[in-house]
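Here the structure is laid out as structure tokens; the discussion comes afterwards.
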Amino acid sequence: WHKDARLPELDGIGVPGGFSYGDYLRCGAMARFSPVMRALLEFAMSGRPVLGICNGFQILCEARLLPGALVRNAELRYVCQDVRIAVDDPGQMRSELAPGRELVMPVKHGEGAYIPDPEHKPRVAFRYVGCNPNGSTDDIAGVVNDAGNVLGLMPHPEHAVDPLLGSTDGARLLRSFLSACTATRDAR
């Protein structure tokens, strides 16, 4: 719950999309002030995995857990389409994500253009291939923090887990997240 100041014992945290706070200022701007965000910051600092998807990625950037910002799409329109992304460096979440592997997942956003922090070169996790649907700098679709345990991306892996949805590539990413959770739990 966003008003909780503490988290239960967890192996990993997923910060989902869905515009749960409204986005009257900037996507994720209000969420970063919730009491639970202090607990999330401590959790991330402990080295355990955090995965932010779409609005969750925006929240992680606003909370400064990931560098950069997400702004309005280049054409100022909502985008909803399948995209191809190539794996660069997914940090700890790499068990099924070898560099160079391409994945197909949908994007669904109006504010998904990634702009890097000018003082912090991003560690790129994923890049758009063939088409940049939102105008992200250098085709960046997702980034990971310097420690490799916090990953954010605009495409929705949870909407690419069954052939009926058009792709099962999102399941690879989610299984890689679960593997990272298991690895950090086993290390404790």
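Computed over heavy atoms, backbone and side chain alike; hydrogens, waters and symmetry mates excluded.
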Do [X] and [Y] have side chains that get closer than 4.5 Å, going by heavy atoms?
X    : Y    : value
L41  : R38  : no
N145 : V50  : no
T168 : P163 : yes
V144 : R123 : yes
I13  : R48  : no
V83  : F126 : no
L97  : L103 : yes
S136 : Y128 : yes

Test log, rule side chain to side chain contact (heavy atoms under 4.5 Å, CB included), inputs D139 and V129: CA-CA 8 Å; D139 299 323; V129 175; over 6 Å; no

Linked, directly or transitively: [X] and [Y] (ILVMFWY side chains, under 4.5 Å):
X    : Y    : answer
M37  : L10  : yes
V107 : I115 : no
V71  : L60  : no
V36  : F57  : yes
V87  : L174 : yes

- request: Using a cut-off of 6.0 Å, state whether more than 12 heavy atoms not belonging to R77 lie near its atom CZ.
  value: no

message: Taking CD in E102 as the centre, count heavy atoms belonging to other residues, nucleotides or ligands within less than 6.0 Å. Is the count above 12?
response: yes

Shortest non-hydrogen separation from [X] to [Y] and the atoms involved:
X    : Y    : answer
F177 : P49  : CE1-CB, 3.8 Å
A69  : C61  : CA-CB, 4.4 Å
P106 : A160 : CD-CB, 4.1 Å
P155 : P157 : O-CD, 3.1 Å
G135 : A74  : CA-CB, 3.9 Å
C181 : G12  : SG-CA, 3.6 Å

Atom [atom1] of [X] and atom [atom2] of [Y]: how far apart are they, to the nearest 0.5 Å?
X    : Y    : atom1 : atom2 : value
N134 : L76  : CG    : CG    : 12.0 Å
H159 : D82  : NE2   : CG    : 11.5 Å
S46  : N149 : OG    : CG    : 7.5 Å
C54  : H156 : SG    : NE2   : 3.5 Å
I53  : E158 : CD1   : CD    : 4.5 Å
L178 : D11  : CG    : CG    : 10.0 Å

Donor-acceptor check, side chain of [X] to backbone of [Y], threshold 3.5 angstrom: yes or no?
X    : Y    : answer
R127 : D88  : no
N73  : G112 : yes
S167 : M105 : no
Q92  : T184 : no

- request: Let me see the working for D138 and Y114 under side chain to side chain contact (heavy atoms under 4.5 Å, CB included), right down to the final yes or no.
  value: CA-CA 9 Å; D138 297 328; Y114 179 78; over 6 Å; no

- request: Please test I85 against D169 for side chain to side chain contact (heavy atoms under 4.5 Å, CB included), starting from the C-alpha separation and ending with a verdict.
  value: CA-CA 10 Å; I85 61 172; D169 290 341; over 6 Å; no

- prompt: With L66, which of D146, V150, I59 fulfils side-chain contact (heavy atoms from CB on, under 4.5 Å)?
  reply: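 In the set D146, V150, I59, the residue that makes a side-chain contact (heavy atoms from CB on, under 4.5 Å) with L66 is V150.
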
